[in-house]
Amino acid sequence: MKRKTRMVHGGITGDERTGAVSVPIYQVSTYKQEAAGKHSGYEYSRTGNPTRHALETVIANLENGKAGFAFGSGMAAITSVMMLMNAGDHILMTDDVYGGSYRLTTKVLNRFDLDHTFVDTSDSTKVEAAIKPNTKALFIETPTNPLLKITDLKKMSDIAKANNLMLIVDNTFATPYWQQPLDLGADIVVHSATKYIGGHSDVVSGLVVVNSDEIAEDLHFIQNSVGGILGPQDSWLLMRGIKTLGLRMEAIEKNTHQLVEFLQSHQDVSTIYYPGITSHKGHDVAKLQAEGFGGMISFDVGSAEKADQVLSKVKYFTLAESLGAVESLISIPAKMTHASIPRERRLELGITDGLIRLSIGIEDIEDLIEDLKNALA
Ligand SMILES: *Cc1c(COP(=O)(O)O)cnc(C)c1O
């Protein structure tokens, strides 16, 4: 089965008993048992729910993994994956990971004695140099937010295998439609399904896919023990989103290429960050390990004032955090998603006051270009 077909027919679809072509929403917490301890496979919905199970099956299929797990948010998914570690372990993380992952590691997991080092994972020599005797995992995000930095997943997989580390990849920005980290040697893929997988700005959720029965068993134990599961309604919404994921990603990719071309031709736009541009530092690796470059662009307009002007004048771009939905979104990382990072550190990373981040949607590209042209004028 090819990818778009898998999005419609992969995993569990429909309902065998009634012929319903959409998986029913099993809004239920408990299940009748035939005799004490003798049940139909479901006993309590934290442990397992048929709607959530159908979603978990589809995402495992799309990522070419052994098992999938659905959580109440991307952060709940990442936290549960981190629970595979023990106190005293050390993890290496991409230095510009999602802010929530940064906060979880530095303000919560540190209290349980899980040690961490942030490293520029786009440079594999730096990764190798940062490995300690107690390092247990590599946590990679690629592309990153908001500068779209790219990490070579095959190289990370080689390093992980040579040092007996678990390779965890946050695949939120690329989606399984463009990038399948398990095929490149990752052990675990995590998603904020709030973004492209849901795709309609209407559900907060997280997904995990693993590549071994052993990790699957451990993670199911954690999912059931910690309990940050996704409810049946939201599971259903994600399955509905997944059916059009391929179509949306294709449309977004096309729009994004055209919008980048427009920005490149605009005199007030200096640096543009987009892995699809040949001069982007990670372009060659991105091209090798992913089939698309995605729908995120950041660009510099020189000053906070100019950035404010653009944000106040756009009509079709919604000023909001988050990304990956059908509607185009615009934000200023320095004032929004990355405001909690000290300015000095932001500038070191390249997150200037005039940096604007776009999440491109599926609107007509002529409208999006005209909107930005007017806002920049
Ligand atoms: C949004 C996001 C998360 C967190 O997901 P939530 O669903 O908001 O909890 C994690 N990683 C990346 C890359 C994200 O963009």
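For reference, positions follow the sequence shown, starting with 1. Ligands are counted one by one from 1 in listed order, and the atoms in each one are counted from 1 as well. Predicted, not measured: the structure shown is a model, and the values here were computed from it.
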Does anything in residues 69-106 pair up under ring-ring contact (aromatic ring centres under 6.0 Å, His included), and if so which pairs, sequence neighbours excluded? Tyr102-Phe118
Which residue pairs pass the salt bridge (Lys or Arg N to Asp or Glu O under 4.0 Å) test with at least one member in residues 272-294, sequence neighbours excluded? Arg3-Glu291
Give the table of side-chain donor-acceptor pairs shorter than 3.5 Å for residues 204-221, with sequence neighbours excluded, one pair per line with atom names and distance.
from: Ser212; atom 1: OG; to: Glu214; atom 2: N; distance (Å): 3.4
from: Ser212; atom 1: OG; to: Ile215; atom 2: N; distance (Å): 3.0
from: His220; atom 1: NE2; to: Thr47; atom 2: O; distance (Å): 2.9

Does the plane of the ring in His257 sit parallel, tilted or perpendicular to the ring in Phe293? Use 30° and 60° as the thresholds. perpendicular
Any protein N or O within less than 3.5 Å of an N or O in ligand 1? List each pair with its distance, or say none.
from: ligand 1; atom 1: 5 (O); to: Ser192; atom 2: OG; distance (Å): 2.9
from: ligand 1; atom 1: 7 (O); to: Gly74; atom 2: N; distance (Å): 2.9
from: ligand 1; atom 1: 7 (O); to: Ser192; atom 2: OG; distance (Å): 2.9
from: ligand 1; atom 1: 7 (O); to: Thr194; atom 2: OG1; distance (Å): 2.6
from: ligand 1; atom 1: 9 (O); to: Gly74; atom 2: N; distance (Å): 3.0
from: ligand 1; atom 1: 9 (O); to: Met75; atom 2: N; distance (Å): 2.9
from: ligand 1; atom 1: 11 (N); to: Asp170; atom 2: OD2; distance (Å): 2.7
from: ligand 1; atom 1: 15 (O); to: Lys195; atom 2: NZ; distance (Å): 2.7

Are Ile168 and Leu184 linked, directly or through intermediate hydrophobic residues, by side-chain heavy-atom contacts shorter than 4.5 Å (ILVMFWY only)? no
Whether Glu370 and Lys373 form a salt bridge (side-chain N of Lys/Arg under 4.0 Å from carboxylate O of Asp/Glu) is what I want to check. no
